[in-house]
Amino acid sequence: MEVTWIGGELGLRWPWLVVALSLLVVALLVLWLRPWRRRAATDPAWVAHAERLRSLPRFRDLVRQRATFGALASVAVLIAIAGTIILGGRVEQQRALDEDVNARDVILCLDASGSMAEYNVEVLQEMQRVVSGLDGERVGLAIWSKATITIFPLTDDYDYAQERLAEAEEAFQGIQGLFTDDADLDRYFEYVAGTQRLDGGADIVSQIGDGLASCVQRFGDLESERGRAIILASDNEPYGQGVFTLEEASQYAVQNQVVVHGIGTEGFEKRAADLTDFEAAVTRTGGLFGHIDDESSAANMVAQINELEAARVDEPPVVQTFDRPLLGIIVTSVGMVLLVGVWVAQWRAGRAARGRP
């Protein structure tokens, strides 16, 4: 995912508050200084030889020192107040986030019928290699025979997807050793139970056309602008009567702009017509067809999926607002540090004036 930041100018969330507080500070200073008032005569303090006292260099130094400390303390307080006003106005930065994502979905569509049992482990291993080559796409897994069930919906959590694929691989390994002690038929039948007889009928139905059409429907909102691909694994050995033929299902995929990539099995060597139909259906959608014993098939399919034009969702950039209090904190801190420094210097000067170390 590529992220582009647009803009980024600093500003104030509440500029009116800064203006109001500034005017309040100015008004308080004016009231405190009261330049318009006439100084009332006060009772004089009778001190002998005051002029001589004022002319002493030490006295003048102390007066200048006191005035300097007072001025510095006033400046420090004003700086701290200015920083507080800036914090009150809340300096912020607005940035427009423009995300460039691979808006593509991939459904792994697995034939779970009995005729595919001996091939499914290798097919699932092939699918795991496919998933490991994806980057940015969402992926999901559905298995089908008489009915289609979703093992996991579209997700971009590839670790989760690999765990679910590994579970499927283990389930189908249970029927590989059908005539050995290694067989775990209970695990296999429990895993594929939802794909078999939902209506209690005893008829055997396995239709690749229905399976493909159901996987197309697993994309959900087919109206959204996203790239879509199906990786369909089957031996195309149909049983019973389905709703969709393979040709109709492939046309349905084309209508919804879904590219189908096919994984065939060794069983096609004895059924050339089924192989031709499967390959023709895949080609009709613009997909790639390969055998599970072809070491390059997974790499080729991943390359073609990644070459699909990633549909960009036409949405305005997301504007995010970030508080930037650093300026106010720095100004306030400078004022406080300066004020503490003035107090310390004044305290030390007073001790020195009194002859204390």
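All values reported here derive from a predicted model rather than from experimental measurement. Only heavy atoms go into these numbers, but all of them, side chains included; no hydrogens, no water, no symmetry mates.
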Mind checking side chain to side chain contact (heavy atoms under 4.5 Å, CB included) for [X] and listing every partner two or more places apart, or none if nothing turns up?
X: Pro15; result: Leu12
X: Thr155; result: Phe152, Asp157, Tyr160
X: Val26; result: Val30
X: Val77; result: Ile81, Leu339

If you measure from [atom1] on [X] to [atom2] on [Y], what distance do you get to the nearest 0.5 Å?
X: Leu24; Y: Leu29; atom1: CG; atom2: CG; result: 9.5 Å
X: Trp343; Y: Leu338; atom1: CH2; atom2: CG; result: 11.0 Å
X: Thr332; Y: Leu87; atom1: OG1; atom2: CG; result: 4.5 Å

Among Val192, Leu232, Ile149, side-chain contact (heavy atoms from CB on, under 4.5 Å) partner for Trp144: Leu232
Are any non-hydrogen side-chain atoms of [X] and [Y] less than 4.5 angstrom apart?
X: Leu110; Y: Ile151; answer: no
X: Tyr252; Y: Val258; answer: no
X: Val131; Y: Gln128; answer: no
X: Phe219; Y: Asn256; answer: no
X: Leu212; Y: Val260; answer: yes
X: Thr150; Y: Arg218; answer: yes
X: Ile230; Y: Val216; answer: yes
X: Asp323; Y: Val91; answer: no

Hphob cluster co-occupancy, Val340 + Leu78, side-chain heavy atoms under 4.5 angstrom: no
hydrophobic_cluster_shared for Ile85 and Leu17, side chain cutoff 4.5 Å: yes
Gln217 atom CD, neighbour heavy-atom count above 12 within 6.0 Å: yes
Neighbour count >12 (heavy atoms, 6.0 Å) for atom CD, Glu163: yes
Any pair counted as salt bridge (Lys or Arg N to Asp or Glu O under 4.0 Å), so long as it reaches residues 63-81, sequence neighbours left out: Asp61-Arg64
His261 side chain vs Leu288 backbone, donor-acceptor pair below 3.5 Å: yes
Flag, side chain of Asp105 to backbone of Arg228, donor-acceptor distance under 3.5 Å: no
Asp156 with Arg138: basic N within carboxylate O range, under 4.0 Å: no
Test: Arg13 and Glu92 ion pair at under 4.0 Å: yes
Heavy-atom pair of closest approach, residues Gly262 and Phe278: CA-CZ, 4.1 Å
Side chain to side chain donor-acceptor pair (under 3.5 Å) pairs, two or more places apart, involving residues 278-287: Ser250-Arg284
Distance-only donor-acceptor check, side chains Gln65 and Gln346, under 3.5 Å: no
